[in-house]
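Heads up: the structure comes next, in structure tokens.
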Amino acid sequence: MPLQSTFYDENRSGENFPQLALVAPSPQHSYDKLRITLGKDFARPPNMNLAEFIDSRQEQHLTELKEFLRIPSVSAKSEHKPDIERAAKWVADNLRAAGFKSIEIVPTALHPLVYAESLEAPGKPTILFYGHYDVQPAEPLELWTTPAFEPASRNGNLFGRGTADDKGQVHIHLKALQSLHELYGKLPVNVKVLIEGEEEVGSVSLWDFVQKNKEKLKADALLVSDTSMLGKGVPSITYGLRGLNYYQIELTGPERDLHSGVYGGAVPNPLTILTELFAKLHDKHFHVAVPGFYDKVAKLSSAERKALNGLPWNKKAFQKAVGAPGYCGEKGFSIVEQLWVRPTLELNGVWGGYTGEGAKTVIPSKAYAKFSTRLVPNQDPKKIAAQVENYIRKLLPKTVKCKFELLSTGKPWAAPYQAPIFKKAQTALEKGFGKKAVFIREGGSIPFVTQMHDTFKVPCVLIGFGLPDENAHAPDEHIYLENYFNGIKAIAHFYADLATL
Ligand code: BES
Ligand code: MN
Ligand code: MN
């Protein structure tokens, strides 16, 4: 006998569906207004609503998340290839537990992606959930309080690589979906799940997969949890991300390293030239000096500017998280604007010459730099790359050769949040966190979001459960457990509420 449920749809209390009964919200579970009365053939804990059911599973959820986190699925390093494969399989197996029957591990040119669908809610919306199971390298290992791949709880936080970015957040969805499946026997909406293993290395294979599977991936909305909340106690929906161009340059002076006493003074030093070059890429007001860099930057409307600057953003918390002796940023813009709506150019790494112990008197033959530009609407990544390359070539003296590479590129994204789904998201977050959600933009980049938005023209709902100071990409990455647990409840309510979108 098939299991049935109404998923809060009060209009569908037909004979095959368990009856809904409204009860007054209890103080502990004010987010849960509805209590569902069981059909007599329906084997599940009596009198448990969705939030109570999820609360009753906390320990199990945490144990399982730790298991996921113990797999060192570092996408950047080939030595972790077996772990990547293991993580993909773990995700696939877990989706099976959440009731998905159609699950594929799709091999790509680099790392496999996991795709699953549950299309058992005819007439209901289809939601595509996207996340990534790969993580950043854990180095420098000695700076972790407890080992990166041995998850440990301390002071209400769970520490480990991938806790916040993005395994913990992916797990929130897996457990929300599993809870709905276990409680009601099927999912309230049609769900497609795409969890990739290359996000942290630029999602190189994903674009190809999207292009080849446009029909399959079609959905009414994209749902992503790979961003942050504005702060503790402030559930947030992100409607804008910056784009990212990543570059590397190699400068060559002398054809080999030279004794700096024998030759110094009469030959070009590529390291010195490199540092001079980077000193010229910003002016004293921290404007990027590349000609044309700001030409296409979309002007913020005064209403949006007001809204963003009026958010409960906490400067003290920001400065505490950064911990620098002083602060700087593009003149004429608030910090929130500098972080979310202004483009930047950042030097990410420089090397060359001698960096080992003691002294070595050498003029290096080569000097290298990795750097990036964060982009905002309506900057075109290709045009920006060309402008950056031209300007760098113009600034460099004839005494060095320059190899310029664009390593990866991703477009910026910002979209209005008027569609009804955003109200549903806000309501669901309120059910999970007991607080009203705010709409924010963020400075990080998720290239897939723009690809999806451009390809399918659907609303993209980004609900993040990380916090800005949870050390994503750094030692002692962690997730605040209250956000993890409340996140499962909010997301489960969201999927349920989407049945009436
Ligand atoms: N989850 C982040 C992106 C992010 C972080 C968005 C914080 C909003 C707030 C993602 O995993 C990431 O790290 N992206 C990279 C770019 C990617 C192409 C390697 C980034 O933003 O540097
Ligand atoms: Mn991420
Ligand atoms: Mn990341």
Side-chain angles (χ1 to χ4, degrees), residues 68-69 73-77 87 110-111 113 129-138 148 160-173 194-207 222-231 234 236-248 313 318 321 336 339-341 343-349 370-376 381 406-414 439-453 460-475 477-479 483:
F68 189 22
L69 292 166
S73 47
V74 179
S75 49
K77 294 178 150 189
L110 189 58
H111 300 317
L113 56 87
F129 166 64
Y130 162 83
H132 61 95
Y133 68 78
D134 65 319
V135 298
Q136 287 273 325
R161 175 56 87 231
T163 43
D165 185 11
D166 180 35
K167 284 161 140 180
Q169 300 205 50
V170 164
H171 200 249
I172 285 174
H173 284 256
L194 174 55
I195 300 173
E196 68 153 319
E198 296 181 2
E199 199 278 342
E200 298 292 9
V201 288
S203 303
V204 267
S205 308
L206 196 59
W207 186 228
L222 174 72
L223 178 54
V224 179
S225 289
D226 190 25
T227 48
S228 301
M229 292 165 53
L230 190 65
V234 192
S236 311
I237 301 165
T238 300
Y239 69 92
L241 293 168
R242 290 193 285 193
L244 177 69
N245 272 357
Y246 203 98
Y247 317 89
Q248 181 168 324
W313 184 82
F318 164 79
V336 160
L339 296 173
W340 297 348
V341 301
T344 61
L345 185 153
E346 294 284 356
L347 186 50
N348 302 114
K370 285 183 187 286
F371 63 106
S372 53
T373 47
R374 293 279 167 180
L375 308 174
V376 300
L406 175 63
L407 298 184
S408 72
T409 176
K411 285 161 104 185
W413 168 78
F439 287 92
I440 64 171
R441 286 172 67 160
E442 286 188 273
S445 310
I446 311 174
F448 180 68
V449 173
T450 324
Q451 292 175 7
M452 280 301 294
H453 197 247
C460 299
V461 186
L462 276 61
I463 305 181
F465 298 106
L467 288 169
D469 63 353
E470 287 182 334
N471 300 337
H473 296 200
E477 178 182 348
H478 57 279
I479 191 164
N483 290 343

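Note that ligands are numbered from 1 as they come in the structure, with each ligand's atoms numbered from 1 the same way.
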Inset, instruction - Answer yes or no: does an N/O atom from E442 fall short of 3.5 Å to an N/O atom of ligand 1? - result: no
Legend entry - Sub-4.5 Å side-chain heavy-atom contact between L462 and W413: yes
Inset, instruction - Going by heavy-atom distance to atom 10 (C) of ligand 1, choose the closest among Q169, E199, H132, E198. - result: E199
Inset, instruction - Starting from atom 3 (C) of ligand 1, find the nearest protein heavy-atom neighbour and note its residue, name and distance. - result: S445 O, 3.5 Å
Legend entry - Side chains of E442 and T238, donor plus acceptor under 3.5 Å: yes
Inset, instruction - Apply ring-ring contact (aromatic ring centres under 6.0 Å, His included) to Y239 and list each qualifying residue two or more places apart in sequence or on a separate chain. - result: Y417
Inset, instruction - Give every residue pair that meets the salt bridge (charged side-chain N to carboxylate O under 4.0 Å, His left out) criterion with at least one member in residues 443-452, sequence neighbours excluded. - result: none
Inset, instruction - Just go through E470, H473, R441, R374 and tell me whose heavy atom is the nearest to atom 22 (O) of ligand 1. - result: R374
Inset, instruction - Please name the atom of H473, restricted to N, O or S, that is closest to the Mn ion (ligand 3). - result: NE2
Inset, instruction - Determine whether the side chains of E196 and S203 contain a donor N or O and an acceptor N or O closer than 3.5 Å. - result: yes
Legend entry - Modelled atom types, side-chain donor and acceptor of Y247 and T373, under 3.5 Å: yes
Legend entry - Sub-4.0 Å atoms of ligand 1 with respect to non-hydrogen atoms of L244: 16 (C)
Legend entry - Polar side chain donor-acceptor pair, K411 to S445, under 3.5 angstrom: no
Legend entry - Protein N, O or S within less than 2.8 Å of the Mn ion (ligand 2), waters excluded: H132 NE2, D165 OD1, D226 OD1, D226 OD2
Inset, instruction - List for me each residue that meets ring-ring contact (aromatic ring centres under 6.0 Å, His included) alongside Y133, sequence neighbours excluded, and say none if there are none. - result: none
Inset, instruction - Would you please say whether a donor-acceptor pair under 3.5 Å links the side chains of S372 and E346? - result: no
Legend entry - atom 4 (C) of ligand 1: the protein heavy-atom neighbour that sits closest, reported with distance to 0.1 Å: D226 O, 3.8 Å
